[in-house]
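Here's the structure we're looking at; comments come further down.
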Amino acid sequence: MSSIHSHAEAAPLEGAAILKTVEEVLAATPFIDMHTHTFASSLGALGLWGIDELVTYHYCEAELFRSSEVKPEQYWALSKQEKADLIWKTLFVDHPPVSEATRGVVAVLRAFGLPTQSVDLRAARAFFAAQPIESHIPNVFRLAGISEAVMTNDPLDPAEAPLWKAGGAKHPQFHAVLRLDRILNKWAEHWQALAAQGYEVDERCSGKSTAEVRRFLARWVKRMDPVYMACSLPDTFQFPENSVRAKLLKEAVLPACREFDLPMSLMIGVRYLVNPALRLAGDAVGRADLRALENILREFPENRFLVSVLSRENQHELTVYARKFSNIMLFGCWWFLNNPSIVEEITRERLEMLGTTFIPQHSDARILEQTIYKWRNTRRTMAPILANAYRLLAEDGRPVGRTDIEHDVTRLFRGNFERWTKLGR
Ligand code: RAT
Ligand code: ZN
């Protein structure tokens with residue numbers, strides 16, 4: 001008999017004690033935030049934090065244009081503080097901020113004991129200006145209940161690459177990810193950047209190109225020591241197909257993942273820039289053909305994949321694929337899905353069909369302090385879902401104890417990711 005089972009028999013939880021214990025365990029377990037756009041402080045200005053960044057988050061920018069007459073081109077001409085002032089007045093003062101993205105800003109202010117109903121941002125600006133980033137980061141992680149965050153690192157970003165070449169970003173609380181969107185999705189615009197660095201590649205990705213991309217990836221794996229490689233993909237993504245992307249995936253990226261024992265993260269379903277005037281806020285979502293994913297999972301059994309899909313309509317079939325292929329780890333409720341109503345539906349579905357063999361959430365925080373509200377929201381949504389699963393299990397004859405709950409929460413929010421990556425080795 002396992003120790004977990006004997007503990008459950010020793011102290012089975014009943015009724016309201018189940019929810020209370022789930023809440024306590026969720027609060028006490030430090031999570032791994034396995035996909036963010038935050039950065040270690042050694043990567044300098046890449047890391048965004050503070051009130052002006054929080055208020056001008058692109059999720060809030062998209063909402064601004066629904067409540068204000070301002071035109072995108074007028075908005076982009078403003079300074080960062082002017083943008084933040086306009087969004088604050090429009091979304092937080094003129095109307096109660098009930099949307100998920102705006103409510104998040106309120107929760108962050110409250111977490112730091114700052115006023116949530118001011119007519120301006122003066123007090124918040126003064127507070128953040130006084131925080132030294134080195135102590136602010138661990139403070140934020142503590143408030144967010146995370147032990148570490150996984151970054152998104154683009155080797156072809158002209159602002160980022162030199163920082164890595166100059167020594168990189170070793171930091172115990174941040175892990176790197178080799179992000180390949182420019183190479184896989186925009187080869188026509190970026191092959192020359194590789195050529196300029198001495199790699200023998202061409203526009204059609206012929207000849208030595210794929211071998212040379214592998215050499216480039218090997219170089220960057222050495223430099224970044226990433227926990228996985230990653231790419232976001234359009235709703236129209238197909239595999240196999242006669243395209244540079246499919247060729248690079250098959251002949252360069254997936255072999256490199258195998259060589260370096262790294263999972264590949266596929267984030268599928270973006271409709272890029274449906275409204276280019278909104279810039280970062282201009283992307284939308286489309287239902288993808290997940291047969292492309294099915295083909296990849298079957299053709300590359302030696303590769304491990306982390307997969308998130310953006311369309312709500314794709315979630316059920318994605319969960320079915322995870323029952324068919326053990327080389328896929330589902331993760332997160334991504335971007336437009338990260339709202340309590342949808343998170344609840346998706347997470348229940350996954351728990352019912354996969355047990356605890358998935359990663360329920362990542363924060364996708366772009367601004368450091370967003371980790372605080374995004375993880376609070378995740379814990380709040382997660383507690384009744386898990387409690388309900390345990391209540392049903394107890395009704396069916398297998399009561400659970402605190403140790404069972406600790407086991408599951410750790411598996412969901414740490415262990416599954418550790419097992420999939422080098423963090424578990
Ligand atoms: O959620 C977001 O902030 C998006 O803009 C994307 O960055 C997305 O998460 C991605 O990683 O591509
Ligand atoms: Zn992201």
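Whatever order the structure lists them in is the order used to number ligands and atoms, beginning at 1. Bear in mind the structure is a predicted one, so any value in this text is a computation, not a measurement.
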Give a yes or no on whether a salt bridge exists between [X] and [Y], defined as a side-chain N under 4.0 angstrom from a carboxylate O.
X: Arg125; Y: Asp85; result: yes
X: Arg379; Y: Glu23; result: no
X: Glu212; Y: Arg215; result: yes
X: Arg304; Y: Asp261; result: yes
X: Arg279; Y: Glu61; result: no

Which residue and atom name correspond to the protein heavy atom nearest [atom], and how close is it?
atom: atom 9 (O) of ligand 1; result: Asp364 OD1, 2.7 Å
atom: atom 1 (O) of ligand 1; result: Tyr59 OH, 2.8 Å
atom: atom 8 (C) of ligand 1; result: Trp334 NE1, 3.3 Å

4.0 Å heavy-atom contact, Thr152 with ligand 1
no
Ligand-side contact atoms (ligand 1) for residue partner His35, heavy atom cut-off under 4.0 Å
9 (O), 11 (O)
May I ask you to check whether Phe358 and Phe331 place their ring centres under 6.0 Å from each other?
no
Mind checking whether Tyr321 and Phe305 have ring centres under 6.0 Å apart?
no
Can you find an N/O atom of His37 closer than 3.5 Å to an N/O atom of ligand 1?
yes
So for ligand 1, is Arg179 a polar contact partner (N or O within less than 3.5 Å, distance only)?
yes
Nearest non-hydrogen atom to atom 7 (O) of ligand 1 belongs to which of His58, Gln370, Arg366?
Arg366
Apply side-chain contact (heavy atoms from CB on, under 4.5 Å) to Arg204 and list each qualifying residue two or more places apart in sequence or on a separate chain.
Asp202, Ser206
In terms of ring plane angle, is the pair Phe65 and Tyr75 parallel, tilted or perpendicular, where the classes change at 30° and 60°?
perpendicular
Using the rule given for ring-ring contact (aromatic ring centres under 6.0 Å, His included), can you reason through Phe39 versus Phe174, listing the C-alpha separation, both sets of side-chain angles and the distance that settles it, and then say yes or no?
CA-CA 7 Å; Phe39 289 93; Phe174 289 90; 8.5 Å; no
If you count every protein N, O or S atom closer than 2.8 Å to the Zn ion (ligand 2), you should arrive at 3
